[in-house]
K.L.:
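Below is one structure. I have some questions about it.
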Amino acid sequence: MVSTDRFLAFVAMSFLLIVIPGPSVLFVIGRALAHGRRAALTTVMGNTVGAYVLVVAVALGIGSIVERSVLVFTALKLVGAAYLVYLGVKAIRQRGSLRAAFSGEGSAETGARRTFWEGFAVGVANPKTAVFFAAVLPQFVDRDQGHVALQMLLLGLVFTIMALVSDSAWGLVAATARGWFARSPQRLAMVGGVGGLAMIGLGVTVAATGRKE
């Protein structure tokens, strides 16, 4: 139902958002540094499920409105773009929070079930992902083909699979490099600053592109 060019454009946009460290990545890195590989991957699984809950909510709650109203679509796009820029500025100003993730986590093991549900809570409450699904995802559906909600569910599934792979990689790298980060926590702050700049760029791109009807 989704054309190849729309699909590839969505994958590219999703990749740009996913590789930028946000609340979910921060949480996964913190778990990896504090508790190791298993806790990080369990957190990623919970986070992925939480993110897809957002996809379902957006697809069922917003899909039909976007299908009928170009005005709603445009408003969502601009609000989402502005919020992404805001998150980018905030990430730059608070880039030390990645270092806090390293130092703020305890060393005690937590249960797998608790770890999963905490990851779920972060995923379902992630503002960056919520804004993306509400304001950016509708740009890539083809309203002429119908089944807008189903298109959103399928594209959202692609996004969450990509995020699962990326977040798992972050967790595995952080778990492996615990000593390297410990020797120079400032490296984490640098990651946050670069991510903030990238998020601002993504917000500008979202505002400047998209469907024109």
K.L.:
Which distance, rounded to the nearest 0.5 Å, do you find between the CZ of R6 and the OG1 of T4?
P.N.:
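So the CZ of R6 and the OG1 of T4 are separated by 11.5 Å.
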
K.L.:
Would you say the side chain of R113 lies within less than 4.5 Å of the side chain of T42, judging by non-hydrogen atoms?
P.N.:
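T42 does not reach R113 side chain to side chain.
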
K.L.:
Just verifying a value: how many Å separate F132 CZ and I18 CD1, rounded to the nearest 0.5 Å?
P.N.:
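Those atoms lie 7.5 Å apart.
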
K.L.:
Name each donor-acceptor pair under 3.5 Å that joins a side chain in residues 48-61 to protein atoms two or more places apart or in another chain, with its distance.
P.N.:
| unit_1 | atom_1 | unit_2 | atom_2 | d |
| --- | --- | --- | --- | --- |
| T48 | OG1 | V44 | O | 2.8 |
| Y52 | OH | L153 | O | 3.0 |

K.L.:
Got a second to check how far L164's CG is from L157's CG, nearest 0.5 Å?
P.N.:
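Between L164 CG and L157 CG, I get 10.5 Å after rounding to 0.5 Å.
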
K.L.:
With heavy-atom distances below 4.5 Å as the criterion, would you say the side chains of S166 and F15 are in contact?
P.N.:
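No. Closest side-chain heavy atoms not under 4.5 Å.
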
K.L.:
How long is the gap from CG on L154 to CG on L150, to the nearest 0.5 Å?
P.N.:
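Interatomic distance, L154 CG to L150 CG, rounded to 0.5 Å: 4.5 Å.
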
K.L.:
According to the interplanar angle, ranging from 0 to 90°, do the rings of F10 and F159 count as parallel (below 30°), tilted (30 to 60°) or perpendicular (above 60°)?
P.N.:
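Ring orientation, 0 to 90° scale: tilted.
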
K.L.:
If you count heavy atoms of other groups shown closer than 6.0 angstrom to CE of M45, is the number above 12?
P.N.:
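No.
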
K.L.:
Once the angle between the rings of F120 and F116 is folded into 0 to 90°, is it parallel (under 30°), tilted (30 to 60°) or perpendicular (over 60°)?
P.N.:
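Parallel.
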
K.L.:
Quick one: CG on L41 to CG on N47, what's the gap to the nearest 0.5 Å?
P.N.:
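Those atoms lie 12.0 Å apart.
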
K.L.:
Let me check something: do M162 and V165 share a hydrophobic cluster, defined by ILVMFWY side-chain heavy atoms less than 4.5 Å apart, either directly or through other members?
P.N.:
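No; V165 is not reachable from M162 via cluster members.
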
